[in-house]
Amino acid sequence: MLEAVGPVAAEYGAVRGSMRPGASRTRALEEVVAGARRVAHEQSFESVEVLRWLRHATDEERITALAMMQASPDLRDFDAVLAVIAQPRTPFEQYHAMRLALEMADTLDAEQAGRLAAGVRALRGVRFRRDSDRSRLREEILRKVRGGSRERWPRFVRQRHD
């Protein structure tokens, strides 16, 4: 895995370290993340390795693992994504974990949907800019989890999480 996506992770670190925070750096980082997604589409990876990168690796490897999970549903791990949302190393990482959680929302069971809603609800105390992408994602996840899950949640679960 390191041979295939190591250069992408290194590029993320180089961009992040060489540019000042702002829209230009965010665009450049998004291009790097898109490159990680392309690699995940083109090659086969073990979910255990991707998960290890997300849980125990450098910032560069973590964002690369999130991008790979975005590209390939077989690589996803709900608990790891939820942990990144709750304790991100960077706002950019949290944004991508939230984006991934939104993509995963339709596949979650009732218990996972409840945990995601609770985790994202806890972010309401986090001071995002009102117009930030993370603020919008937070609200979109809550709408999707509440709206999309009503039919599949038993009545007692709906009452507990509403």
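Note that the structure is a prediction, hence the values are computed from the model and not measured.
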Between V48 and L51, does a side-chain contact (heavy atoms from CB on, under 4.5 Å) hold up when you go through it step by step? CA-CA 5 Å; V48 172; L51 181 58; 5.8 Å; no
Does E61 reach the side chain of V5, with side-chain heavy atoms less than 4.5 Å apart?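 In short, these two side chains do not touch, never coming nearer than 4.5 Å.
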Does M69 reach the side chain of V50, with side-chain heavy atoms less than 4.5 Å apart?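 Contact flag for M69/V50 side chains = yes.
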Donor-acceptor contact present, side-chain [X] to main-chain [Y], <3.5 Å:
| X | Y | result |
| --- | --- | --- |
| R138 | L123 | yes |
| S18 | A14 | yes |
| R76 | Q70 | yes |

Passes side-chain contact (heavy atoms from CB on, under 4.5 Å), E140 versus R99? Steps please. CA-CA 10 Å; E140 193 172 342; R99 183 176 161 184; over 6 Å; no
Option passing side chain to side chain contact (heavy atoms under 4.5 Å, CB included) with V84 (candidates R55, M98, R62): R62
Distance-minimising heavy-atom pair for [X] and [Y]:
| X | Y | value |
| --- | --- | --- |
| Y12 | D59 | CE2-O, 4.3 Å |
| T64 | A36 | CG2-CB, 4.0 Å |
| A105 | V145 | CB-CG2, 4.4 Å |
| L29 | V15 | CD2-CG1, 3.5 Å |
| I141 | V120 | CG2-CG2, 3.9 Å |
| Q112 | F78 | O-CZ, 3.3 Å |

Could you tell me whether [X] and [Y] make a salt bridge, using a distance below 4.0 angstrom between a side-chain N and a carboxylate O?
| X | Y | value |
| --- | --- | --- |
| R52 | E49 | yes |
| R143 | E139 | no |
| D79 | R115 | yes |

What distance do [X] atom [atom1] and [Y] atom [atom2] have between them, rounded to the nearest 0.5 Å?
| X | Y | atom1 | atom2 | value |
| --- | --- | --- | --- | --- |
| R134 | F92 | CZ | CZ | 11.5 Å |
| L66 | Y95 | CG | OH | 12.0 Å |
| I63 | Q94 | CD1 | CD | 11.0 Å |
| L100 | L82 | CG | CG | 11.0 Å |

Please report the C-alpha distance between T90 and R16 in whole Å, then the side-chain angles of each, then the deciding distance to 0.1 Å, and finally whether the side-chain contact (heavy atoms from CB on, under 4.5 Å) criterion is met. CA-CA 11 Å; T90 67; R16 193 155 191 271; 3.0 Å; yes
Can L116 and I85 be said to form a side-chain contact (heavy atoms from CB on, under 4.5 Å), step by step? CA-CA 9 Å; L116 177 58; I85 290 170; 4.2 Å; yes
